[in-house]
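Numbered from 1 within each chain, the chains take letters A, B, ... in sequence-line order.
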There are 2 protein chains.
Amino acid sequence: MTQATSHTGAVKAHQPAEPDVGEAPEAPSTRERILNVALDLFTEKGFDGASLREVAERLGVTKAAIYYHFASKDDILMALHMRLHEFGKDALSQMTEGPVTLERWGKLLDEILGQMLAQRKLFLLHERNQAALEKLHREVHDAEHEDIQDKFHRVLADPRVLVRDRVRMAGSFGAVFAALFMSGDAFEGTSNQELGDLVRQTVRDILV
Amino acid sequence: MTQATSHTGAVKAHQPAEPDVGEAPEAPSTRERILNVALDLFTEKGFDGASLREVAERLGVTKAAIYYHFASKDDILMALHMRLHEFGKDALSQMTEGPVTLERWGKLLDEILGQMLAQRKLFLLHERNQAALEKLHREVHDAEHEDIQDKFHRVLADPRVLVRDRVRMAGSFGAVFAALFMSGDAFEGTSNQELGDLVRQTVRDILV
DNA sequence: GTCTATATTTCGATAGAC
DNA sequence: GTCTATCGAAATATAGAC
């Protein structure tokens, strides 16, 4: 086997020789180019609907080349999952203990909104491939690897918080989510700045 | 070929001999039992992740038996899609013309909320199999068969309505959706009545 | 690192007996 | 209406040359 095992994505195993010091926005490595194409394709056609042959073709290489960089198709999905996890871990650590009040939730959501705007594609991938991701999650069960969605559900199920407030917490998240990911291209002509502001105002009206 | 072609579901082709007059809640036909199992399985594991072998096994029959009732796996998905469409067509016809104001949207969403509570499973199936459904939709392109999601997007893209209001329309829908479908079993202990009321109040705060 | 094969598996779908 | 048996296609994954 080759080095095609780590799905961290953050810690590049031992790629060619990318100078760590360079400041130029160096061309993405093949590994990253694979991930970028996979991200698009898995989102467009779904994880199961998109074949590695298609990924390879759109990239101009062969399937075998992909298998040099990744151990399996699942490994590619996992690497993309970890990409999102990188961004989410800050906000995640904040809901680690104590009941989450409406106010805390509001601040949290504000952070998440920013990340969602910046990482739209990754969130969309997750929304549209929940089944595949759950299966993957079941198979590895990464021990202490606490998932974003898990924590989200746990907060919403916390009996120390009024149901009324928890429904509003869920609702405010849904409001953000729908505006960004369930509206097709209805707000394509709206800038991220304006869209973000409008959504934030909506959230405030929910959480008071 | 057998009668396994119609994916209307509403108009049963020519099943055994179910007396149309009977008042007893007669046992579901095999066709419907297949649909029910498929609904569960397609939602749990995704349309692509669930095989017909699994559907057959859980039902206690063989694959071939399924093919007597349905022309293809896609046909089963289409039949489930039509089930939802049946419920949605009333609300659908209401957003057929003229700009949708916040007030109209509020009334519309109120109806939809009721249907969502009653048809939870069907909505969840659609949420988790968007890719497969889009592919199916592309292949048949049922002419005038206007899809729910299409109309939803069109309303949100209507330039005659303020962006601010459209974001709130999208957001209010998302609030409903998240409370019912993205919260895991956080509100499992809450009755549909109470949950519905709490959600309605949240929606009102968004739409003012 | 990328290529040309090819192995392996799984699934959707069909034929034909009962 | 349901069964057994099988076909054909497509996809993941591997072996080994360059």
Q.
Of the options C:dT4, D:dT12, D:dG1, whose atoms approach the side-chain atoms of B:H69 most closely?
A. D:dG1
(Q) What is the separation between atom NZ on B:K73 and atom P on C:dC11, rounded to the nearest whole Å? (A) 9 Å
Q.
What residues from residues 39-54 of chain A pass a heavy-atom cutoff of under 4.0 Å to DNA chain C?
A. none
(Q) Distance check needed: C:dA13 P versus B:L77 CG, whole Å only. (A) 12 Å
Q) B:S72 has a side chain; which of C:dA13, C:dG1, C:dT14 sits nearest to it? A) C:dA13
**Q.** B:I66 CD1 to C:dT14 P, straight-line distance once rounded to whole Å
**A.** 14 Å
Q | Nearest-angstrom distance from the residue atom CD of A:E57 to C1' of C:dC3 | A | 15 Å
Q.
From C-beta outward on B:A65, which listed nucleotide comes closest to its side chain: D:dC3, C:dA13, C:dT2?
A. D:dC3
**Q.** Spacing of B:F70 atom CZ relative to D:dG1 atom P, expressed in whole Å
**A.** 13 Å
Q: Using whole Å, report how far CG of A:L59 lies from C1' of C:dG1.
A: 13 Å
**Q.** Integer-rounded Å distance: C:dA13 C1' and B:Y67 OH
**A.** 5 Å
Q: Specify whether B:W105 and B:F152 have parallel, tilted or perpendicular ring planes, treating 30° as the upper limit for parallel and 60° as the lower limit for perpendicular.
A: tilted
Q: Say whether, by atom type as modelled, one donor and one acceptor occur between the side chain of B:Q130 and the main chain of A:R128 under 3.5 angstrom.
A: no
Q: Whole angstrom is fine here: how far is it from NZ in A:K135 over to P in D:dT12?
A: 12 Å
**Q.** Close side-chain approach of B:L80 to B:L125, heavy-atom, < 4.5 Å
**A.** yes
(Q) Checking the side chain of A:R166 only, and the main-chain atoms of A:V161 only, is there a donor and an acceptor separated by less than 3.5 Å? (A) yes
